[in-house]
Visitor: 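Structure in structure tokens, see below.
Since the structure is predicted, the reported quantities are computational estimates derived from the model, not experimental observations. The residues of the chain are indexed from 1 along the displayed sequence.
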Amino acid sequence: MSIADKLNDIWELVAAVFSDFNVSDFLDICLVAFVIYNGIKLIRETRAIQLVKGIALLGVIYVIISALKMQASDYIFDRLFTNIFLVLIVLFQPEIRHAVETMGRTRFSKWGGFLSRNEQLKYNERTKECINAVYKACSDMSDRRIGALLVFERETLLGEIIETGTVINADISREMIRSIFFPQAPLHDGAVVIRENKLHAAGCILPLTANHEFSSELGTRHRAALGMSERSDSLTVIVSEETGHISTAYKGLLKRNISDGELREILNELLLIRDDRESASRLRVLLGSKKNKK
């Protein structure tokens, strides 16, 4: 058979395959693959992987019970796996909620959506004023070992957190932050939520992290900051009352003992509107060292 005949056979085979091609089937496969991929990615990044291992172990036990014909145990496991869908929803409720919230975040916002160039410049000017006030206040509190917890709301709305505190909605300033966290102030124990460059609420209660693998020397403020970063895309700044060290929590990662200059750089990278491609590598460098220490 000549090369031309072989090529012709291959072409006919390819044409036969694509003649039965169905666009809806292709899209269906892509969607299922996307869901499975993101599901695996989601559980790998959370404690849900331990639940998956436990469910897999129960499945193995169920197979053994069925093979040995243990009727009582088989009945119990049969009822369990009959309602496995509801069981999974209950077990993975936090992860499912986090995934849905992540899907609900839109890029058509202040982070590069419909704002004109002039509007972006004005927004960045206001943000820089906010950043300057925060890092200077944190530097002052660090020198005086005054504990502080500041949460910057980004795309995930923090309404539930704000409801636990007192709404202030005041212009942010160095003096305002220091007065809130003054040890005798009524709202100094909670967290401050900063929304749209405003000191929106104070005395807010943050959820503690469920991860017990972090250093035992971490206090409640650090654990609350980590818990907040695990449940949203917010950035949290912590000033330790015991050591005066400044730390940041973002996406479940804690960067400890940073200088006020480093804090300013991190705030600039995360809060100013800019091209994500330009800042992604720099942000990885800023947040890539001095992370959680066990």
Visitor: Looking only at non-hydrogen atoms, find the nearest pair between H222 and S247 and report the distance.
Guide: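 So the minimum-distance heavy-atom pair works out to NE2-OG, 3.7 Å.
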Visitor: Under a single-linkage definition using a 4.5 Å side-chain heavy-atom cutoff for Ile, Leu, Val, Met, Phe, Trp and Tyr, are I168 and V192 assigned to the same hydrophobic cluster?
Guide: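 Yes; tracing contacts between hydrophobic side chains, which count when under 4.5 Å, links both residues.
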Visitor: Any salt bridge linking R221 with E241? Criterion: basic side-chain nitrogen under 4.0 Å from a carboxylate oxygen.
Guide: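 A salt bridge links R221 with E241.
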Visitor: Assess R154 against F152: is NZ or CZ under 6.0 Å from the centre of the six-membered ring, and within 45 degrees of the ring's axis?
Guide: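 Ring-cation test returns no.
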Visitor: If the threshold is 4.0 Å, N to carboxylate O, is there a salt bridge linking R174 and D140?
Guide: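 Salt bridge flag = yes for D140 with R174.
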Visitor: Taking all heavy atoms of A185 and all of S179, pick out the closest pair and write down the distance.
Guide: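 Taking A185 first and S179 second, the nearest heavy atoms are CB-O, 3.4 Å.
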Visitor: When you measure from the side chain of N124 to the backbone N and O of I273, does any donor-acceptor pair fall under 3.5 Å?
Guide: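 Checked: pair present.
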Visitor: So, do R144 and R178 sit near enough that their side-chain heavy atoms are less than 4.5 Å apart?
Guide: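 SC-SC contact between R144 and R178 confirmed.
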Visitor: Find out whether L158 and M228 are in side-chain contact, i.e. whether some heavy atom of one side chain is under 4.5 Å from a heavy atom of the other.
Guide: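 Result yes, sub-4.5 Å side-chain heavy-atom pair found.
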Visitor: When you compare the side chains of S139 and S142, does any donor N or O come within less than 3.5 Å of an acceptor on the partner?
Guide: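 S142 and S139 do not have a side-chain donor-acceptor pair below 3.5 Å.
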Visitor: For S259, is there any backbone N or O sitting under 3.5 Å from a side-chain donor or acceptor partner on E262?
Guide: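 A pair under 3.5 Å: yes.
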Visitor: Going by heavy atoms in the side chains, are I177 and L150 under 4.5 Å from each other?
Guide: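 I177 vs L150: side chains touch.
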Visitor: Of all the heavy-atom pairs spanning I146 and V239, show the shortest one and how long it is.
Guide: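 Smallest heavy-atom distance, with atoms named: O-CG1, 3.3 Å.
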Visitor: Is a donor on one side and an acceptor on the other found under 3.5 Å between the side chain of R145 and the backbone of M141?
Guide: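 Pair absent, no side-chain N/O of R145 close to backbone of M141.
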Visitor: How far apart are the closest heavy atoms of I162 and V167, and which atoms are they?
Guide: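 Distance-wise, the nearest heavy atoms are CG2-CG2, 3.9 Å.
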Visitor: For residues L267 and V134, report the shortest heavy-atom separation together with the two atoms involved.
Guide: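 Minimum heavy-atom contact is CD1-CG1, 4.1 Å.
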Visitor: What I want to check is whether the side chains of N169 and R195 have a donor and an acceptor closer together than 3.5 Å.
Guide: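 Side chains of N169 and R195: no pair found under 3.5 Å.
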Visitor: Check for a donor-acceptor pair, side chain of S232 on one end and backbone N or O of S229 on the other, with a separation under 3.5 Å.
Guide: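 Not at all, since once roles are kept as given, no pair shorter than 3.5 Å links the two residues.
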Visitor: At their closest point, which heavy atom of L149 faces which heavy atom of F181, and how far apart are they?
Guide: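 That would be O-CZ, 3.3 Å.
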